[in-house]
Amino acid sequence: MKRWAAALLLVLLAFGAWLAGRHQALSAPPVWDQQVYLWQRVWSTQHAPALAASRDLFSSLRILALQLHPREGLRVMPVDTALLKQDGRPLWLVARLDGSQPRWDEERLYSRLLQLVQQYRAAGLSVVGIEIDHDAATARLPQYRDALRRLRRQLPADVQLSITALPAWLDSPQLTALLRQVDSSVLQLHAVLSPQQGLFDSRLALAGDRRAWSMNTLRRVIRQQPLHSRWQVKMRPQPQQNGLYDLIIANDGPADAPLPTAVTLAAGDCLAADAVGRYRLDSTATQLRFIRTGDELVRAGQSRPLGWLRCQHLTPGGIRVTP
């Protein structure tokens with residue numbers, strides 16, 4: 001599930017958002033643009049440096065403005081308007097309408113959206129569009145189309161309309177008519193680390209995000225640069241403990257990477273050794289093999305504990321890292 005209290009900043013189509021031109025000009029060549037979601041309920045001091053570092057990557061920001069949920073009703077999200085004004089990039093206001101609600105109070109919802117546009121503009125923000133994020137069932141696309149048509153009629157001429165589209169809709173004969181009601185659409189894709197961990201957060205990185213790409217990795221992804229991993233095992237002697245070393249696995253590459261599958265050390269005359277963190281130890285008389293037991297993404301320039309050992313003899317160059 002999405003962590004509302006943490007930064008929830010989703011990249012629009014991780015390798016670049018394709019924003020279609022107005023549907024009256026479908027024959028025009030596609031326009032490639034990079035934008036980013038700020039899917040945020042709680043803003044923190046980490047947002048200012050993250051936004052500043054992303055200015056060369058994303059032309060516009062898409063802000064979670066309100067949510068319609070069966071339990072919470074219609075909820076307007078608190079937004080750091082001062083920070084967004086300082087940032088100065090164009091904004092899209094996103095309305096998240098829960099997919100379990102096939103119908104909603106259109107008059108109340110649309111009136112609130114228009115009020116937010118006016119409110120943000122009065123605060124000096126450049127609101128250029130509204131996005132509706134609604135996971136409609138494929139069978140209900142005609143009803144969704146009609147609701148979008150009614151919203152379109154109420155929007156000011158200078159406010160664009162966008163929707164989040166689902167891959168399940170792609171084979172529907174109703175999709176073309178639906179897309180005619182909007183200026184652009186964003187295909188919603190998710191990558192998953194594991195069913196237990198839920199959605200993987202490929203987001204605009206904040207310092208406190210443990211499951212998000214770092215800004216450097218995000219930049220390399222967007223620019224389609226290779227994501228090389230380069231690992232180094234560092235041995236730190238314990239003070240006044242002859243032959244006792246702490247082992248550290250360090251990510252010295254240019255991009256974030258999952259922990260290596262295994263690390264093998266050629267060593268003899270080892271009195272004791274053990275693994276720590278996300279590794280277990282499998283040892284023989286001539287080698288120590290640290291085997292990964294859990295997944296973790298390590299940012300470029302960061303390190304994790306691997307284990308410790310007390311050995312009388314370590315083979316020079318006898319360290320092998322298996323990605």
Side-chain angles (χ1 to χ4, degrees), residues 2-3 6-21 29-40 46-63 87-90 92 164-165 167 184-194 197-234 248-263 278 292 294-304 306 319-323:
K2 297 174 181 175
R3 296 176 301 158
L8 193 47
L9 302 152
L10 299 179
V11 178
L12 284 180
L13 298 181
F15 295 97
W18 176 58
L19 300 181
V31 177
W32 288 93
D33 191 17
Q34 307 288 348
Q35 301 183 14
V36 68
Y37 283 108
L38 280 80
W39 205 257
Q40 194 63 41
Q46 298 178 17
H47 284 87
L51 286 172
S54 73
R55 293 194 60 84
D56 64 325
L57 296 179
F58 306 112
S59 64
S60 304
L61 308 176
R62 299 205 174 202
I63 309 298
D87 182 86
R89 278 175 281 187
W92 289 73
T164 300
S184 63
S185 61
V186 180
L187 185 62
Q188 179 177 295
L189 302 174
H190 295 297
V192 178
L193 281 177
S194 73
Q197 291 181 298
L199 298 181
F200 174 69
D201 303 335
S202 53
R203 300 165 186 154
L204 181 63
L206 300 185
D209 285 344
R210 295 183 60 84
R211 295 178 57 219
W213 285 330
S214 66
M215 188 66 71
N216 286 339
T217 297
L218 183 58
R219 180 172 280 105
R220 295 184 72 88
V221 168
I222 290 174
R223 294 177 176 173
Q224 301 184 33
Q225 297 173 339
L227 302 179
H228 298 305
S229 60
R230 184 169 62 244
W231 296 98
Q232 181 180 1
V233 177
K234 300 180 179 181
I248 306 295
I249 183 72
N251 181 3
D252 289 345
D256 306 344
L259 281 169
T261 301
V263 177
R278 297 187 181 272
R292 191 184 68 195
D295 295 328
E296 185 173 353
L297 190 71
V298 182
R299 292 187 174 184
Q302 294 188 352
S303 60
R304 294 291 185 271
L306 178 63
I319 299 178
R320 185 174 75 254
V321 177
T322 304

Quiz prompt | Gln34 vs Leu57, side chain to side chain contact (heavy atoms under 4.5 Å, CB included): CA-CA, chis, key distance, verdict | solution = CA-CA 7 Å; Gln34 307 288 348; Leu57 296 179; 5.9 Å; no
Quiz item: What's the spacing between Thr217 OG1 and Ile222 CD1 if we round to 0.5 Å?
Solution: 11.0 Å
Quiz item: Would Val186 and Arg62 satisfy side chain to side chain contact (heavy atoms under 4.5 Å, CB included), going step by step from the backbone distance to the final call?
Solution: CA-CA 11 Å; Val186 180; Arg62 299 205 174 202; 3.8 Å; yes
Practice problem: Calculate, to the nearest 0.5 Å, the distance between atoms CG and CG belonging to Leu297 and Asp256 respectively. | Solution: 5.0 Å
Quiz item: Which atom names give the shortest non-hydrogen contact between Arg230 and Asp252, and what distance separates them?
Solution: NH2-O, 2.6 Å
Quiz item: Is there a donor-acceptor pair under 3.5 Å between the side chain of Asn216 and the backbone N or O of Arg220?
Solution: no
Quiz prompt | Inter-residue atom distance Ile248.CD1 - Arg304.CZ, 0.5 Å rounding | solution = 10.5 Å
Quiz prompt | Criterion side chain to side chain contact (heavy atoms under 4.5 Å, CB included) on Leu61 and Val36, from CA distance to verdict | solution = CA-CA 5 Å; Leu61 308 176; Val36 68; 3.5 Å; yes
Quiz item: How close do Ser59 and Pro90 get, heavy atom to heavy atom, and via which atoms?
Solution: O-CD, 3.4 Å
Practice problem: Check for a donor-acceptor pair, side chain of Ser303 on one end and backbone N or O of Ile249 on the other, with a separation under 3.5 Å. | Solution: no
Exercise. Go through Val321 and Gln232 one step at a time and tell me if the side chain to side chain contact (heavy atoms under 4.5 Å, CB included) criterion holds.
Key: CA-CA 8 Å; Val321 177; Gln232 181 180 1; over 6 Å; no
Quiz item: Do you know the tightest heavy-atom contact between Ala250 and Lys234?
Solution: CB-CE, 3.8 Å
Quiz prompt | Neighbour count above 12 (heavy atom, 6.0 Å) for Arg320 CZ | solution = no
Quiz prompt | OG1 on Thr164 to OH on Tyr37, rounded to 0.5 Å | solution = 4.0 Å
Quiz item: Closest approach of Arg219 and Ala53, non-hydrogen atoms and distance?
Solution: NH2-O, 2.9 Å
Self-check item: Closest non-hydrogen atom pair between Val298 and Gln302, with its separation
Solution: CG1-O, 3.6 Å
Quiz prompt | Inter-residue atom distance Leu218.CG - Phe58.CZ, 0.5 Å rounding | solution = 4.5 Å
Self-check item: Intermediate values then yes/no, side-chain hydrogen bond (donor to acceptor under 3.5 Å, both in side chains), Ser54 and Arg89
Solution: CA-CA 11 Å; Ser54 73; Arg89 278 175 281 187; 3.1 Å; yes
Self-check item: Closest non-hydrogen atom pair between Arg292 and Pro258, with its separation
Solution: NH1-CB, 4.4 Å
Quiz item: Taking Arg299 for the side chain and Met215 for the main chain, is one N or O donor matched with an acceptor at less than 3.5 Å?
Solution: no
